[in-house]
Each structure stands twice: as C-alpha cells, then as structure tokens.
Visitor: 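Just passing along the structure, written as structure tokens.
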Amino acid sequence: MPALDTNPKCRQYLLGTELLSCAVSKQSEKADVNMALNKYMHPRNLYKDKAPNFKTLAEKYPDFAKCVFKDLKGKCHLDYKSPTSLRQLAIALLKEDFDLEVEMPLNRLIPTIPLRLNYILWIEDILKELTDVKGKGIDIGTGATCVYPLLGCKKNNWEFLASEVDETNFTIAEKNIHKNNMQEKIKVKKVSGKTALLELLEGNSDQFDFCMCNPPFFADHMDAQAIMSSRTDDRPEPSSINTASVGESITEGGEAEFIKKIIVESVDLQGRIKIFTSMIGKKTNIPLVKKELRDHKIPNYQTTEFCQGKTMRWGIAWTFDTSVIFPRSLFQETKKSRKLSLPLTFEVPQSAVSVYDVDHVANKVMKMLKVLQIENFKSVDSKTKTVHLKLTAFKNTWSHQRRKRREMKRRGEEQTSEGTEVKKLKVTENFTEREKSDKQLENSCEKCQESPCNQGEREVTSVSDFNDDQTFKGKKIEEKVNKSGDGEKAANQGASSSKDNVVPYVTGDSLSEEDKDQFLVKCDMFIKIASDSISLEMVYREGQKDQMHQILQYLKNHITD
Ligand SMILES: C[S@@+](CC[C@H](N)C(=O)[O-])C[C@H]1O[C@@H](n2cnc3c(N)ncnc32)[C@H](O)[C@@H]1O
C-alpha cells in the first residue's frame with residue numbers, strides 16, 4: 001500500500017482536511033460555502049467577534065510576518081494552503097492570546113486554534129453542570145502541540161493525563177509541556193494504540209471529570225481519496241490545508257470505529273471517568289456513534305456543534321450519570337427558534353371565494369375564525385394590501401368535528417320521515433366528504449405531534465387531551481366570543497383601514513384575566529398576494545404550536561365549503 005503522503009491525489013486532498021468536516025457533511029454540501037459559521041461560534045470564544053489581526057500579529061512575531069503578504073490596499077493576507085503559514089499563525093495565536101510557547105513540526109497536524117478552543121469551552125460548560133469537579137481530564141491522542149492540555153491547563157488550571165501513539169508527537173508534546181512549565185499538571189504517556197483508554201489508565205487509580213479526543217479521521221487512504229473524488233464544483237476545495245501524517249489521520253475503521261472503541265471501554269471505566277467526549281469530523285458518523293451508545297444502553301448523551309469560519313465539526317458527550325444535564329449549543333438553540341418562527345404557508349384555491357382577491361379571502365377566513373371562536377384583530381397594510389390577523393385561540397373547536405357531525409347526522413336520521421329519503425342521501429354524501437377532510441385533519445394532527453417543531457414546547461400532547469366538552473386542563477372555558485360582531489362588516493371596515501388601524505373582529509373583552517391566561521395558541525395570520533395567487537401565512541407566537549398546525553389544516557379543509 002503506498003504511503004498516503006506519497007500518493008499525490010491523497011496528499012493534495014490531505015492538504016485541506018483539517019477543515020474537512022464541513023466539506024464532507026451533506027448539510028454543508030448544500031450550504032453556501034461562504035456562509036460564515038462564526039456567528040454560531042461558542043459565545044466565549046475570543047475569535048467569535050474578533051478575527052485575528054494579521055497586521056498586529058506580523059508586527060509582533062517576525063516568523064509570522066514572513067508568511068503575510070499585503071494587497072494593493074495594504075491589507076494583510078495569509079496563504080492558508082501553506083503549512084508554514086498555518087504553523088506560524090497557530091504559534092502566534094497561542095502566544096498572543098494564551099501566552100503559550102509551542103513548537104510544531106511541519107509534517108504533523110497543525111491545530112486550528114478557534115476550533116480547539118470551541119471544544120475546550122464546551123467542556124467548561126459541561127463541567128459547570130457537575131458537582132464536585134476536580135478539574136482533571138484525559139486527552140486521547142494529544143498530538144505534537146499537546147493543544148488541549150495546554151489550553152485547558154492555561155485557561156482553567158486543569159490537570160491532564162494525555163496519550164500519544166506517535167513517537168515524534170510524543171517527544172514534541174513533552175517538550176511543549178516543559179516549555180510552558182506545566183509538567184506538574186500535564187503527563188503524556190506513550191501508548192501502543194491497541195486501546196483508546198485502557199492502556200493509558202493501566203497502573204493509575206485517579207478519578208477524572210472528563211476525557212476528550214480528536215480521533216484520527218480516515219479509515220484508510222482510499223477513504224480520503226473517495227471523499228476527494230466526490231468533490232464537485234459546488235463543493236470547492238477546502239480553503240485550508242492539513243499537514244497530518246498518515247498515523248495521525250488514519251485509523252482502522254475511521255473515526256467512527258475509534259469512537260466506538262472509546263464507548264466500549266467507557267462501560268468498564270464509568271466509575272473512573274464522569275464524562276466521555278469526542279470530536280466527530282464527519283456528520284454521517286453521528287448516527288453510527290449514537291447507535292453504539294444505545295447498543296451499550298448508555299443512558300445520557302448529547303451532541304454539539306463546533307462552528308468556526310466555513311467549518312463545522314461536531315462533538316459527542318456521554319455519561320452513565322442520568323442526573324447530568326448537557327448544555328445545548330447556540331447553533332441548536334438558534335435552529336430551534338428558527339424552526340419555531342418559520343411561517344406555515346397555504347395557497348388559497350380560486351374556488352374558495354367568488355371574487356379572488358385578498359379582501360374576499362380575508363372575509364371568508366374571518367367567518368371561519370368566528371365559527372371556530374378564535375379571537376382575531378385585523379389590520380391592513382394598504383401599501384402591500386396584506387391583511388394581518390392577530391389570532392388567539394382559547395379552546396379547541398376544530399378537532400373532533402367528524403365525531404360531532406356523525407352525532408348530528410345520527411340525530412338527523414332519527415328525525416327524518418320516510419318522504420325525505422333523497423335529501424337524507426345527499427346529506428350523507430356531504431358528510432362523507434367532510435369526514436374525509438376531517439380525517440385528514442386528524443391525521444395531520446398526528447403528524448404535528450411527531451414534528452420536531454413541537455418537541456419540548458407542548459403541554460397538551462394530542463387532540464385527545466381535550467375532553468369532548470372542550471375543557472382544557474380540566475377548566476371549562478365558557479363561550480366568551482362577541483357574538484354581535486358581523487364578520488363581513490368588520491372585515492370590510494378593516495380592508496379600508498391603514499396598518500395601524502386595528503379592527504377587533506372578535507374581542508376578548510368579556511374574558512376574565514384568568515381566562516385570557518388560558519389561551520391555547522397565539523399566532524399571526526397574513527393574507528396576501530403571492531405572484532398570481534393569494535397566500536395565507538401563519539406565524540407562531542406562543543402557546544401550543546401544534547394547535548396552530550391544526551387550525552391551518554382546518555382552514556385548508558373547509559375554505560372551499
Ligand atoms: C487527529 S490527531 C489529533 C491531535 C490533537 N489532539 C489535535 O486535536 O490537534 C489524532 C492523534 O491521535 C494519535 N493516536 C491515534 N491513535 C491513538 C491511540 N490509540 N492512542 C493514543 N493516540 C492515538 C495520533 O498519533 C494523533 O496524534
């Protein structure tokens with residue numbers, strides 16, 4: 001097998017894989033490669049809002065200055081494809097921002113400091129949730145720079161036991177520890193590489209708060225080649241290089257197998273190490289790692305994202321202690337809130353109204369809202385001709401309609417005389433159609449319950465949580481709707497009003513303060529012209545989001561009635 005470093009294709013590819021994960025993930029394949037992930041960088045990462053200033057660094061660090069070139073405007077740039085440039089940048093940043101002196105061989109992995117810092121900050125967050133923290137950690141495969149122990153020790157005064165399989169890395173890691181006078185706090189052990197943790201912990205009885213690892217990423221050099229050959233025009237070359245050696249970047253079975261090894265060993269070591277973590281470079285490995293955790297019945301795990309520049313990597317943490325609550329990343333929180341605020345859109349069919357315009361659609365919708373007893377306040381943006389309805393639903397009047405109609409039908413049949421047979425048949429047909437649409441509604445409600453947008457925010461988990469008499473949380477909500485309001489009239493008033501002129505169609509005036517607190521969902525509805533059709537958009541505000549889905553589904557099912 002040719003050495004990876006000498007294979008020109010692989011070499012070319014490896015000269016770009018420190019930032020590999022983003023390029024590899026399907027998600028980022030689709031994503032705009034220029035999208036800056038910095039906004040999702042850990043909030044305490046000092047590079048989040050302050051990119052390194054090459055000019056200042058060049059003035060202070062002569063070796064770094066040699067790598068910087070100026071454009072016509074005098075702006076300093078760095079050649080990210082040059083290993084020397086990357087090494088000098090990492091050395092300068094570690095010195096400038098952490099007062100760490102390091103040596104880095106050019107033929108070994110050069111750590112990108114913002115990414116390494118993101119991982120350390122995540123560990124800090126996890127430890128904050130624990131009690132009785134000793135500040136003792138393990139770094140599996142510490143590399144020549146020994147970057148995690150140096151950063152962790154400098155920032156948090158943590159102690160480290162680190163392992164390394166590569167002779168050169170081991171020797172230089174020891175040198176770096178001494179250079180920074182951290183030999184009392186950081187120990188590196190040269191290991192054979194047969195195990196992930198067991199060999200490192202032989203003859204050691206200490207307790208550790210955590211272990212961390214940036215595992216070797218490729219299964220073999222074909223793995224690296226396969227990824228490279230699948231590169232397409234919309235997935236450009238990584239903007240940075242990787243100088244990792246074969247031993248550093250390749251492990252049997254790739255990183256997933258390496259992490260699985262840690263998982264298997266963690267079962268035996270659960271009494272020694274509280275939190276196990278690893279970085280994950282390929283997004284597709286996350287489900288494999290999670291499956292392994294489940295297969296070993298590990299009860300508590302959490303993934304995170306490390307975002308920086310154009311690069312995204314992932315982290316996984318697990319523990320056998322079910323009381324530990326793992327922190328959620330800014331990326332996860334933002335994704336969740338973005339999901340919550342995404343509008344639901346529905347294109348209103350022409351057959352819904354006699355005249356296909358915003359006013360007529362709004363009138364029709366408001367009539368339906370009246371039937372559903374959903375409080376709404378209307379305003380119109382006269383410029384865009386968009387009708388805005390602020391909705392508050394207090395009770396579920398849109399589900400179980402099928403059951404109610406069946407009940408009505410049954411009662412109707414009881415009262416029908418022989419002479420009305422034809423009429424009865426027609427009604428039955430109508431019910432069948434309605435039953436169909438209501439069935440759709442109920443199905444959609446089931447889907448809503450599975451939808452991730454509902455997770456974690458729903459108090460009432462299904463339509464059946466409501467009793468048939470429409471009580472919510474055991475409290476019967478009386479009919480509070482202003483029945484004097486005429487939908488059409490109010491809608492027409494609204495249509496001629498300006499944006500600020502809010503017209504209450506169904507008011508909540510008669511609701512007690514207590515009842516007003518009992519709303520199911522609040523949302524905004526926009527009825528507007530969308531190219532050659534009229535769209536109805538619903539934007540969630542608060543309460544139970546699945547109820548908003550159900551209301552929209554009801555409107556969809558009944559707007560052409
Ligand atoms: C991707 S590098 C990460 C280096 C460093 N932690 C960093 O983040 O920059 C993986 C490192 O793990 C080492 N390694 C591979 N297998 C190992 C094993 N079983 N035990 C300890 N170290 C190992 C490699 O030599 C290499 O230095």
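Just so it is clear, the model here is predicted, and its values are computed rather than measured. Atoms within each ligand, like the ligands themselves, are counted from 1 in listed order.
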Visitor: Under a 4.0 angstrom heavy-atom cut-off, which atoms of ligand 1 come close to Asp166?
Guide: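 Answer for ligand 1: 25 (O).
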Visitor: Between Lys261 and ligand 1, is there a nitrogen or oxygen pair with a distance under 3.5 Å?
Guide: no
Visitor: Do Lys194 and ligand 1 have an N or O pair less than 3.5 Å apart?
Guide: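 No, since none of the N or O atoms of Lys194 sits under 3.5 Å from an N or O of ligand 1.
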Visitor: Looking at Lys190 and Glu164, is any side-chain nitrogen of the basic one under 4.0 Å from a carboxylate oxygen of the acidic one?
Guide: no
Visitor: Which ligand 1 atoms are under 4.0 Å away from a heavy-atom of Glu164?
Guide: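 What qualifies from ligand 1 is 13 (C), 22 (N), 24 (C), 25 (O), 26 (C), 27 (O).
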Visitor: Does Lys136 pair with Glu159 as a salt bridge, N-O distance under 4.0 Å?
Guide: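 Looking at Glu159 together with Lys136, the answer is yes, because their closest N to O distance falls below 4.0 Å.
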Visitor: Could you check whether any side-chain heavy atom of Asn214 comes within less than 4.5 Å of a side-chain heavy atom of Arg313, counting everything from C-beta outward?
Guide: yes
Visitor: Of Thr277, Thr304, Leu293, which is the lone residue that meets side-chain contact (heavy atoms from CB on, under 4.5 Å) with Ile316?
Guide: Leu293
Visitor: Is the closest heavy atom of Pro215 to ligand 1 under 4.0 Å?
Guide: yes
Visitor: Please say whether the positively charged group of Lys154, taken as NZ for Lys or CZ for Arg, lies over the ring of Phe98, i.e. under 6.0 angstrom from the six-membered ring centre and within 45 degrees of the axis.
Guide: no
Visitor: Using the side-chain contact (heavy atoms from CB on, under 4.5 Å) definition, which of the options Thr142, Asp139, Asn180, Leu94 pairs with Leu150?
Guide: Asn180
Visitor: May I ask you to list the atoms of ligand 1 that are less than 4.0 angstrom from any heavy atom of Thr142?
Guide: 5 (C), 6 (N)
Visitor: Measure Asn214 to ligand 1 on non-hydrogen atoms and call it side chain, backbone, both or neither using the 4.0 Å cut-off.
Guide: both
Visitor: Heavy atom to atom 7 (C) of ligand 1, shortest distance: which of Glu255, Arg116, Met279, Lys189 holds it?
Guide: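 Answer by nearest heavy atom: Arg116.
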Visitor: Heavy-atom distance to atom 6 (N) of ligand 1: which of Gly141, Gly143, Ala144 wins?
Guide: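 Nearest heavy atom to atom 6 (N) of ligand 1 lies in Gly141.
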Visitor: Taking 4.0 angstrom as the limit and counting only heavy atoms of Gly193, give me the atoms of ligand 1 inside it, by number and element.
Guide: 18 (C), 19 (N)
Visitor: Would you say Thr195 contacts ligand 1, with heavy atoms under 4.0 Å as the rule?
Guide: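 For ligand 1, residue contact (heavy atoms, under 4.0 Å) with Thr195 is present.
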Visitor: Need the ligand 1 atom indices (1-based, order shown) with element for anything under 4.0 Å from a heavy-atom of Leu109.
Guide: 1 (C), 2 (S), 3 (C), 4 (C), 9 (O)
Visitor: Closer than 4.0 angstrom: is that true for some heavy atom of Ala196 and an atom of ligand 1?
Guide: no
Visitor: Search all heavy atoms of Tyr301 against all heavy atoms of Phe326 and return the closest pair with its distance.
Guide: CA-CE1, 3.9 Å
Visitor: For a quick test of reading the model, state the closest non-hydrogen atom pair linking Glu103 to Lys175 and the distance between them.
Guide: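 Closest heavy-atom pair between Glu103 and Lys175: OE2-NZ, 3.3 Å.
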Visitor: Determine the minimum heavy-atom distance between Arg272 and Asp206, stating which atoms define it.
Guide: NE-O, 2.9 Å
Visitor: Indicate yes or no: does an N/O atom of Ile140 lie under 3.5 Å from an N/O atom of ligand 1?
Guide: no
Visitor: Check Leu200 against ligand 1 and report side chain, backbone, both or neither, counting heavy atoms closer than 4.0 Å.
Guide: neither
Visitor: Going by the atom numbers of ligand 1, which of them fall below 4.0 Å from some non-hydrogen atom of Val191?
Guide: 20 (N), 21 (C)
Visitor: Please verify the inter-ring angle class for Tyr119 with Phe306; under 30° counts as parallel, over 60° as perpendicular, anything in between as tilted.
Guide: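 It falls in the tilted class, 30° to 60°.
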Visitor: Enumerate the atoms of ligand 1 whose separation from the nearest heavy atom of Asn169 is less than 4.0 angstrom.
Guide: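 Contacts of ligand 1 toward Asn169, numbered from 1: 25 (O), 27 (O).
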Visitor: Between Lys155 and Glu124, does at least one N-O distance fall below 4.0 Å, as a salt bridge requires?
Guide: yes
